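Input: a single structure, listed below in structure tokens.
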Amino acid sequence: MTEHQARPEATILTAVTEMFGIRLPVVAGGLQWLANAEYVAAAGRAGIIGFITAASLPGLDELRAEIRKCRDLCDGAPFGVNVSMLPKLIEGDRTHQVIDVICDEGVRFVETSGRNPEPYLPTLKGAGIKVLHKVPAVRYARKAQEVGVDAVSIVGAECGGHPGLDLIGTFVQARMAADLDIPYLIGGGVGTGAQVAAALAMGASGVVIGTRFLVAEEIWAHPDYKRRLIEATERDTELIMGSIRNTTRVLRNDTSATVRELESTLEQISIEDLIPYVAGKVGRGAYETGDWRKGALSVGQSVVFADRVEPLAEIVAGIEAEAMAAIARLDAMVAM
Ligand SMILES: Cc1cc2nc3c(=O)[nH]c(=O)nc-3n(C[C@H](O)[C@H](O)[C@H](O)COP(=O)(O)O)c2cc1C
């Protein structure tokens, strides 16, 4: 049976549900260190789509093994691979190799981010892969459309991870993007079904979610880290690394305080000054030990919606029910 034939009936039909063969117009975006085969397969089985985060894996053999494991766990449900092209995550040369493995393994969907994916599109398209490119502002979405990606995700200032330099809010971008010709998804602060309905109302074909899913049972991180997220409010994130043009929204902790202090006191600052605090392995250590005070831990404002640890399918079911209720509420408002 192909992945497409296994598609359950869609409850909301959009260009995004059609493109991925999913039931709900929701994409679980790549999560550095966290989006592994178990998590991504859980997304697929829940009726959405997730992306194995290639940069989290030490080498190409491990990536190949993770893809195969995910396919087994998916049981026919769709899945993809995230290729984050921030220079520090994957060097240019390795991106080509990562893409070769993806093509070779017959993966059907790729989420790119961090840089213009244009150099890789001929290979990806040649292999029949659909490319969803993620950008932090509508102006980059227009460029991505021009170079030929299949769809774009546009994330606003509220998002966990990289909101870009413009820091335009999600609500503004959701409507600004409506004149794109390709399907677009909206993200940054989305964690509820009512927001999914709002995004669709504004013209989006779906949403991308990262933060709200961090407390899913299938996320391997330590229970103490998840407990902290559940306690956190919308005020517990902050932006760091703007000084080196790598603005990142993270959980407020000892590391974010130290980095902000360095950013406000050092006259000339470079990544080398910050690396001891923000290096990926420090963050991974926090997920392993549960000591959330250390590390630049990407978290967005929608952490306020993360209220308990539960299977991803239940989080998704809650979002689905709320989206349907929101759509019905709007429908009932129309006077005949
Ligand atoms: C912990 C964490 C790690 C992330 N890692 C990546 C990544 O490696 N590559 C990527 O393209 N996006 C990454 N993102 C961004 C998400 O895929 C998604 O675009 C974003 O979380 C959506 O906004 P939200 O956090 O408000 O839901 C990450 C986000 C979080 C919260």
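In each ligand, atom 1 is the first atom listed, and ligand 1 is the first ligand listed. The shown structure was predicted, so the numbers you read here are calculated from the model rather than taken from an experiment.
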Hey, is ligand 1 close enough to [X] that some N/O pair sits below 3.5 Å?
{"X": "Val208", "value": "no"}
{"X": "Gly210", "value": "yes"}
{"X": "Thr53", "value": "no"}

Relative to ligand 1, is [X] under 4.0 angstrom through side chain, backbone, both or neither, heavy atoms considered?
{"X": "Tyr287", "result": "side chain"}
{"X": "Cys159", "result": "both"}
{"X": "Asn82", "result": "side chain"}
{"X": "Ser298", "result": "both"}
{"X": "Thr211", "result": "both"}

Sub-4.0 Å heavy-atom contact, [X] with ligand 1:
{"X": "Gly188", "result": "yes"}
{"X": "Gly29", "result": "yes"}
{"X": "Arg212", "result": "no"}
{"X": "Gly187", "result": "no"}

(message) Looking only at side-chain N and O atoms, does Arg212 offer a donor or acceptor that is under 3.5 Å from a partner on Ser302?
(response) no
(message) I'd like to know if the side chain of Gln32 pairs up with that of Ser298 as donor and acceptor (distance under 3.5 Å, no hydrogens or angles considered).
(response) no
(message) Check this for me: does any side-chain nitrogen of one of Asp291 and Arg228 sit under 4.0 Å from a carboxylate oxygen of the other?
(response) no
(message) Looking at Asp72 and Lys69, is any side-chain nitrogen of the basic one under 4.0 Å from a carboxylate oxygen of the acidic one?
(response) no
Please list, in number order, the atoms of ligand 1 under 4.0 Å from a heavy atom of [X].
{"X": "Ser113", "result": "10 (C), 11 (O)"}
{"X": "Ile209", "result": "27 (O)"}
{"X": "Ser84", "result": "7 (C), 8 (O), 9 (N), 10 (C), 11 (O)"}

(message) For the CZ atom of Arg329 and the CE atom of Met333, what is their distance to the nearest 0.5 Å?
(response) 6.0 Å
(request) Provide the closest heavy-atom pair for Ala46 versus Ala313 in the form atom of the first, atom of the second, distance. (result) CB-CA, 3.8 Å
(request) Measure across Ala197 and Ile327 and return the closest heavy-atom pair with its distance rounded to 0.1 Å. (result) CB-CG1, 3.9 Å
(request) Out of Gln301, Arg249, His133, Lys134, indicate the one that has the non-hydrogen atom closest to atom 15 (C) of ligand 1. (result) Lys134
(request) For residues Ser256 and Asn253, determine if any side-chain heavy atom of one lies less than 4.5 Å from a side-chain heavy atom of the other. (result) yes
(message) Do Glu111 and Val208 make a side-chain contact, defined as non-hydrogen atoms from C-beta onward lying under 4.5 Å apart?
(response) yes
(request) Ignoring hydrogens and angles, tell me if any N or O in the side chain of Trp220 forms a donor-acceptor pair with the backbone of Trp33 under 3.5 Å. (result) yes
